[in-house]
Amino acid sequence: MIHELAILSGKGGTGKTTLALSLIPFIEDLVIADCDVDAPDIHLVLANQTINTIPFYGIQKPFINDNLCTKCGLCAMHCNYGAISDDIIIDLKKCEGCTVCNIVCPVHAISMVDTVIGDLYEKETPYGPMIDARLIPGEEASGKLVAEVRRISREAAKKANKNHILIDGSPGVGCNVMSTITGVNQAILVTEPSESGFHDLKRIIQLAKMVSVDVLVVVNKYNNSIQYTQIIEEYCNNEGIEVALKIPYDKAIFHSINNLESPSLSTHPFFQSDEWKQFLTKIQVVNI
Amino acid sequence: MNIAIVSGKGGSGKTTIAVNLFSYLKDVRLIDADTEAPNDHLYLPGEDATDTVNKEIPIIDQTLCTKCHACADFCAFNAIVPTKTKMLVFDDLCHDCRGCHLVCQEGAISYKNHPIGTIMTRNIDGKPFLSGTLSIGEQSGNKIISTMKETKSTTKHTIIDGPPGVSCKTVETLDGVDYVILVMEDGLFGLHDADMVVELLNELKIPFGVVLNKAYDHVHVGQNYIQENLLNLLVRIPYDETYQNLSSKGKLLTGEISYQRILDTIIKGVGII
C-alpha cells in the first residue's frame, strides 16, 4: 500500500522544504511530490533530471469572436468575478472558468478553450522519482495542479513499485493546502516559535482535524524563543498532538541549502543527534 | 496611492514591512490580504468590529428538480454531483459564479448565503486597519480580499499586505494597485520564488521595487539577482537579531532608529508623499 506523508506549515518560511530535504535521504522506497506549485524549491537543491514535461490544462477560458459579438453586455453583467469590462474585453487573469458568459451569450460569440495553467515534470533523483510542477504566475486553479501532482506521483509509485510518497506543501490553509492534505496518511506541521508561527499553526491543526489526518509538530529554530516554544508545546499537549522534534537555529543549515546540499547529509551535528534519530522512528515512511 | 507588499516565498518578511510602514506613515490604511495566514493583527492590538463575508451557494428544491442534471453538467467546479435520488451540493467547492440557476429549466435553484470568512476592522491611532480571515475548510479568500479593497477609504494611501506565492489570490491582491514592494528573502529559495513574482508583475505591468530582506554579508545571491535583472533595489535589510526578536513577539520596530532609516529609504524609493 502506498503511504503518503505531507509537510505543511500554515505560516510560510518556517522550514518545510528544508525539513523535506533533510528527510529525503532517510526514506527508502521513495517518490517525492513537490506540491508547492507556485514556489517549488526542492528541485533547486536536489540533483535531478527531467524525464518528461506534461502541460496541465486545468481550466477552460472564454474567447470572444468579435465578428459575432454585438456588445450587448449580457456576459459582463452575469460575470460574478468582474472579468469582463463594459466594452467586452475579457481579463483572463480574473476569469475563474465558470462558463457563465458562454451560456448567456445570445449570439454564441463566446467559446471556451482549454487553457494550460502550468507544467508538470516527471524527474529522476538519486533518491527516486520526483514529480513537481510550476504554476504559470497568476493562473487560476492551482489546487487542481496540486491534485494532479499527487495523482501522477501515485502513478509513478505504482509503476516503480515504491511504497512511500513525501509531499512538500505550500503555506496557508486554502485550496492548495486542502488539495495537499486530503487523504494523506500523516502530516508534519512545521512551525517557528513566534506569535505569527503559533497563530498559523493553530489554523493548520484545525484543518488537519477537519480532514481527519494524523499530525506531528516540528518546531524549527526553537532556540530563537524558548518562551514561544513552550507555549506551542503546551498548546499541542492540550490538543493531544505530539511535538516530535525541535530543530535549533543554525546558520550552517541555511548555508548547506545555498551550497545545494541536503542539511542532513552535511556534517551538521544536529542530524547525528538522538533527537533526530528518534524523530525518524515516528515518521511512518521511514524504514527502520 | 495603493501599495501592495508581496514576496513569492513565505516568511520573507512581508508582514514586518507592512505593519511597520503602516505605523510609521500618516494618512494611511492597512489591509491584510493574506487571508489564509493573517498576522498583521498580532502587531496592531485594538478593539475589533467584525463583519462576515459570504458567498452564495445553490439550494436545490427537490420537489421541482427533475434530476436532469443540467446543473451538474454545467458546474465547472464539480460542486454539484448527481446521485440517483437527488443533486448533491458541495458547499466548499462552489465558486459563487451563480450560473447553475441559469441552466435549470425548472426554476428549482435558488441561493443562500454561506459564510467564507470575516473582515475585522480596527482603528489604530486614527488610522483604519482591515484584516481578512478565511474560515478553515474554505477554498478561496479572493472575495474577502476584493471586499476589503472595495471598502471606502478617506486616507491618502492604502498598504495591502499580500499572500505568498503567485496564484489567483496574489492577482486579486494586485488588482488596481499603483506600486508593489517585492520583499525578497536573501538566499536560493527567496530569489527563485521572487523571480516568479517578477514574471507576474512584468506581465501585469505594475511598477515595483525590491526590499532585499535578511540579507547575508557573505552570500551575494540576492544582490547579484537584483543587479543582473536590473531591478530597482529599494533597500537592503541585513539579518538582525534585534528585529527578529521583537517581531517574533508581535512588537513593532518603529522605535528602533536604524529601522526608521530603513523605512525612510523605502518611503523615498516608492515615492510616498
Side-chain angles (χ1 to χ4, degrees), chain A residues 9-14 17 36-39 41 44-45 59-60 78-82 93-94 96-100 103-104 134-135 137-143 170-178 192-197 199-200 203 206-207 210 224-225 227-228 251 254-255 257-258 260, chain B residues 7-13 15 34-39 42-43 74-77 92 95-99 102-103 134 136-142 146 163-172 174-175 185 187-189 192-193 196-197 199-200 203-204 216 219 221 244-245 247-250:
Chain A
S9 73
K11 183 178 181 324
T14 56
T17 303
D36 193 359
V37 296
D38 54 340
D41 288 339
L44 298 173
V45 178
I59 196 170
Q60 284 197 320
H78 276 95
C79 177
N80 226 12
Y81 310 114
K93 284 262 180 278
K94 285 189 183 173
E96 299 194 14
C98 70
T99 77
V100 162
I103 61 161
V104 298
R134 186 181 190 274
L135 181 76
E139 268 306 338
E140 292 284 332
S142 47
S170 58
V173 292
C175 53
N176 287 7
V177 175
M178 286 169 73
E192 61 180 31
S194 69
E195 194 71 38
S196 305
H199 175 267
D200 299 340
R203 286 170 58 79
Q206 213 184 325
L207 179 63
M210 185 181 269
N224 276 354
S225 169
Q227 185 201 345
Y228 275 105
K251 265 190 184 172
F254 175 85
H255 287 307
I257 296 282
N258 281 314
L260 310 183
Chain B
S7 72
K9 181 178 181 305
S12 301
T15 294
D34 189 1
T35 64
E36 296 182 31
N39 294 138
L42 301 169
Y43 296 80
F74 163 77
C75 181
F77 312 107
D92 57 329
H95 277 229
D96 201 11
C97 79
R98 291 188 58 108
L102 298 172
V103 298
L134 180 69
I136 302 295
E138 288 298 325
Q139 303 267 350
S140 166
N142 287 1
S146 61
V166 289
S167 68
C168 54
K169 55 199 176 197
T170 301
V171 175
E172 192 70 59
L174 295 176
D175 186 32
E185 186 182 298
L188 188 62
F189 295 167
H192 173 260
D193 299 348
M196 291 180 76
V197 181
E199 186 180 329
L200 178 63
E203 197 189 326
L204 297 173
Y216 283 77
V219 187
V221 278
Q244 205 69 25
N245 283 336
S247 283
S248 73
K249 295 188 180 97

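Letters A, B, ... are given to chains in the order of the sequence lines, protein chains preceding strands, and every chain is numbered from 1.
Remark: A/H78 engages no residue in a ring pair (Phe, Tyr, Trp, His ring centres under 6.0 Å) (not counting sequence neighbours). Applying the ring pair (Phe, Tyr, Trp, His ring centres under 6.0 Å) test to A/Y81 and every residue at least two apart in sequence or in another chain returns nothing.
Among A/E140, A/M178, A/E192, the residue making the largest number of heavy-atom pairs under 4.5 Å with chain B is A/M178. Looking only at heavy-atom pairs under 4.5 Å with chain A, the residue among B/G250, B/G11, B/S248 that has the most is B/S248. Among B/P38, B/G8, B/P163, the residue with the largest count of heavy-atom pairs under 4.5 Å with chain A is B/P38. If you tally non-hydrogen atom pairs under 4.5 Å between each of B/L102, B/T170, B/T15 and chain A, the highest count goes to B/L102. Interface check for chain A: of the options B/G141, B/G137, B/G99, the most heavy-atom pairs under 4.5 Å are formed by B/G137. Interface check for chain B: of the options A/A39, A/G82, A/G172, the most heavy-atom pairs under 4.5 Å are formed by A/A39. When each of A/L260, A/D41, A/I103 is checked for heavy-atom pairs under 4.5 Å with chain B, A/D41 comes out on top. When each of A/V100, A/D36, A/D200 is checked for heavy-atom pairs under 4.5 Å with chain B, A/D200 comes out on top. Counting heavy-atom pairs under 4.5 Å between each of A/S194, A/G174, A/G197 and chain B puts A/G174 at the top. Counting heavy-atom pairs under 4.5 Å between each of B/K249, B/K169, B/Q139 and chain A puts B/Q139 at the top.
In this structure, the side chain of A/N176 engages the main chain of A/G143 through a donor-acceptor pair within 3.5 Å. A donor-acceptor distance shorter than 3.5 angstrom exists from the side chain of B/Y43 to the backbone of B/S247, with no hydrogens or angles considered. Of the possible donor and acceptor atoms, none in the side chain of A/D38 sits under 3.5 Å from a partner among the backbone N and O of A/L135.
Using a 4.5 Å cut-off between heavy atoms, A/E139 contacts chain B through its backbone alone, with no side-chain atom that close. Proximity to chain A is limited to the side chain of B/L204, based on heavy atoms less than 4.5 angstrom apart. For chain A, the nearby parts of B/F74 are the backbone and the side chain; heavy atoms of each come within less than 4.5 Å. Only the side chain of A/V104 has a heavy atom closer than 4.5 Å to any heavy atom of chain B. For B/T35, the part lying near chain A is the backbone, with the side chain staying farther off; criterion is any non-hydrogen pair under 4.5 Å. Only the side chain of B/E203 comes within less than 4.5 Å of a heavy atom of chain A; its backbone N, CA, C and O stay farther away. The parts of B/F189 that come within reach of chain A are both its backbone and its side chain, each placing non-hydrogen atoms under 4.5 angstrom from that chain. Contacts between B/V166 and chain A at a heavy-atom distance below 4.5 Å involve backbone atoms as well as side-chain atoms. If you measure heavy-atom distances from B/N245 to chain A, the contacts under 4.5 Å come from the side chain alone. Interface remark: A/T99 contributes backbone and side-chain atoms alike to the contact with chain B (heavy atom separation under 4.5 Å). Within the 4.5 angstrom heavy-atom criterion, no atom of A/Q60 approaches chain B.
Of all the heavy atoms in A/N224 and A/P193, the pair that sits closest is CB-CG, 4.4 Å. The two atoms that bring B/N142 and A/E96 nearest to each other are ND2-OE2, 4.1 Å, heavy atoms only. The heavy-atom pair separating B/I136 from A/M210 by the smallest distance is O-CE, 3.4 Å. Minimum interatomic distance between B/S167 and A/S142 (heavy atoms only, all atoms of both residues): CB-OG, 3.7 Å.
Side-chain contact between B/L188 and A/V45 is present, with at least one heavy-atom pair separated by less than 4.5 Å. Contact check for B/E172 versus B/S146: side-chain heavy atoms found under the 4.5 Å cut-off. No side-chain heavy atom of B/D96 sits under 4.5 Å from any side-chain heavy atom of A/C98.
By the 30° and 60° cut-offs, the orientation of the rings of B/H95 relative to B/F77 is parallel.
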